[in-house]
2 protein chains.
Amino acid sequence: MKKRAYKEPISRLLSIIHRQNQKNIAKLLQPYGIGGGHHYIFLINVLKKPGINQDQLTCELKFDKATTARSIKQLEELGYVDRKIDPGDRRSYQLHPTEKALQFDPTLRSLLEQANRKLTRGLTEEEEVELIMLLQKVNQASIQEEV
Amino acid sequence: MKKRAYKEPISRLLSIIHRQNQKNIAKLLQPYGIGGGHHYIFLINVLKKPGINQDQLTCELKFDKATTARSIKQLEELGYVDRKIDPGDRRSYQLHPTEKALQFDPTLRSLLEQANRKLTRGLTEEEEVELIMLLQKVNQASIQEEV
DNA sequence: CCAAATTAGTTGCGTACGCAACTGGTTTGC
DNA sequence: GCAAACCAGTTGCGTACGCAACTAATTTGG
């Protein structure tokens, strides 16, 4: 009989690593006004999928819709995101990156890569790929489960 | 030349998975008064290392010391943790689990295992072990870095 | 042996974010 | 064709948590 593995610590590790990483990212992005919280995730997604609406962001990133609303509001005030009422459904907004956001995109990517390098500094290239794969699997499974 | 892997998403995955997991745990622990936030992590550590002080908890779990103070205060008010002034250094407190905490321990472990199973439902046993190993490596590296 | 520096813990403040209740537009079903 | 159900987004509220400034105890160095 195999020794029973003590498996509790995943959530603890996730928590520790996530908080550390958030602090790193916050420090890097602070000069651009999107330091605290997860604003950068919303911005990245608007850059990736221009025209997306808040509800789609909420579902995809698994935030609360109130959080999405407030984050987008900030990004709009900071001049990174443009909101137009969707003519096909006047309840929702089409979100587009502004010129400022498009110009910021390469910098943003490079800063996030920098944070990522810090995060994965203890891993080999193969281990990093493996980790991404495993995390994606975990995430996939949590989406299935909702059905 | 290998195709350049796009590596940004680790932090996004971490964020999504961590928040989902926190919500799950919060729901499971709510009946016991330690639903929100990371109180359970502090309680687990006091159970594991009776006599530990707040500073050691802060370092180990990489929270801010203010967060530790407030979390321990709640755990004390809820009757899970007992604080005695360390006779050897009257600035610090020795933290001990109460009888209530000791009795709650098995339940707590089983609830956390339940949350963990939900988290890793999409992984095989081997993948789960691999994931833990990789996360530990990431965490180790971030400790090194502080030097 | 005492003033200065350090350390454990607390408190004030600002921001983040989830839940619940709400507004106003859209779809459904009778 | 209109009331009911539903949906995108907002706002109020409560809790969490990091940073900075603070208190009180301890250590250090002259």
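Protein chains get the first letters and strands the later ones, always in sequence-line order, with residue 1 at the start of each. All of these numbers come straight from a predicted model, not from anything done at the bench.
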Just the rounded figure in Å: distance from [atom2] of [N] to [atom1] of [X].
X	N	atom1	atom2	value
B:Q94	C:dA8	CD	C1'	13 Å
A:I34	C:dT15	CD1	C1'	15 Å
A:R90	C:dT26	CZ	P	5 Å
A:K84	D:dG9	NZ	C1'	18 Å
A:E77	D:dT10	CD	C1'	13 Å
B:Q54	D:dA25	CD	C1'	15 Å
B:L57	C:dA8	CG	P	13 Å
A:D89	D:dC7	CG	P	12 Å

I'd like to check the side chain to side chain contact (heavy atoms under 4.5 Å, CB included) partners of [X]; sequence neighbours left out, ordered by chain and number.
X	value
A:A26	none
A:T107	A:Y32, A:F104, A:L111
B:T124	B:E126, B:E127
A:K27	none

*Tell me what B:D86 touches on the nucleic acid: a base, only sugar-phosphate, or nothing, going by heavy atoms under 4.0 Å.*
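The residue B:D86 makes no contact with any strand.
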*asked:* So if I apply the side chain to side chain contact (heavy atoms under 4.5 Å, CB included) rule between A:V46 and each of A:L57, A:I41, A:T98, which one comes out positive?
replied: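 Testing A:V46 for a side chain to side chain contact (heavy atoms under 4.5 Å, CB included) against A:L57, A:I41, A:T98 leaves exactly one candidate, A:L57.
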Under 3.5 Å between N/O atoms: give me all the protein pairs with nucleotides 16-24 of chain C, atom names plus distance.
unit_1 : atom_1 : unit_2 : atom_2 : d
C:dA16 : OP1    : A:H39  : NE2    : 2.8
C:dA16 : OP2    : A:Q74  : NE2    : 3.1
C:dC17 : OP1    : A:H38  : ND1    : 2.2
C:dG18 : OP2    : A:D64  : N      : 2.8
C:dG18 : OP2    : A:T67  : OG1    : 2.6
C:dG18 : N7     : A:R70  : NH2    : 3.4
C:dG18 : O6     : A:R70  : NH2    : 2.7

*asked:* Filter on salt bridge (charged side-chain N to carboxylate O under 4.0 Å, His left out), then keep only pairs touching residues 86-95 of chain A, sequence neighbours left out; what's left?
replied: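 Listed by first then second residue: A:D89-A:R91.
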Could you write out each protein N or O paired with an N or O of nucleotides 1-5 of chain D at a distance under 3.5 Å?
none

*Taking only the side-chain nitrogens and oxygens of B:R83, find out if one of them lies under 4.0 Å from OP1 or OP2 of C:dT10.*
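For B:R83, the contact criterion (side-chain N or O under 4.0 Å from OP1 or OP2 of C:dT10) is met.
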*asked:* If the cut-off is 4.0 Å, is A:Q56 near the phosphate of D:dA8, judged by side-chain N/O to OP1 or OP2?
replied: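 Indeed not, no polar side-chain atom of A:Q56 lies that close.
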_is_close_aromatic(A:H18, A:H38), centroid dist under 6.0 Å_ =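 That pair passes the under 6.0 Å test.
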*Contacts of type side-chain hydrogen bond (donor to acceptor under 3.5 Å, both in side chains), residue A:N45, not counting sequence neighbours*: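 If we apply the side-chain hydrogen bond (donor to acceptor under 3.5 Å, both in side chains) test to A:N45, skipping adjacent residues, the hits are A:E60.
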Can you give the donor-acceptor pairs under 3.5 Å from side chains of residues 66-77 of chain A to other protein atoms, not counting sequence neighbours?
unit_1 : atom_1 : unit_2 : atom_2 : d
A:T68  : OG1    : A:T58  : OG1    : 2.8
A:T68  : OG1    : A:D64  : O      : 3.3
A:S71  : OG     : A:H39  : ND1    : 2.6
A:E76  : OE1    : A:R83  : NE     : 3.4

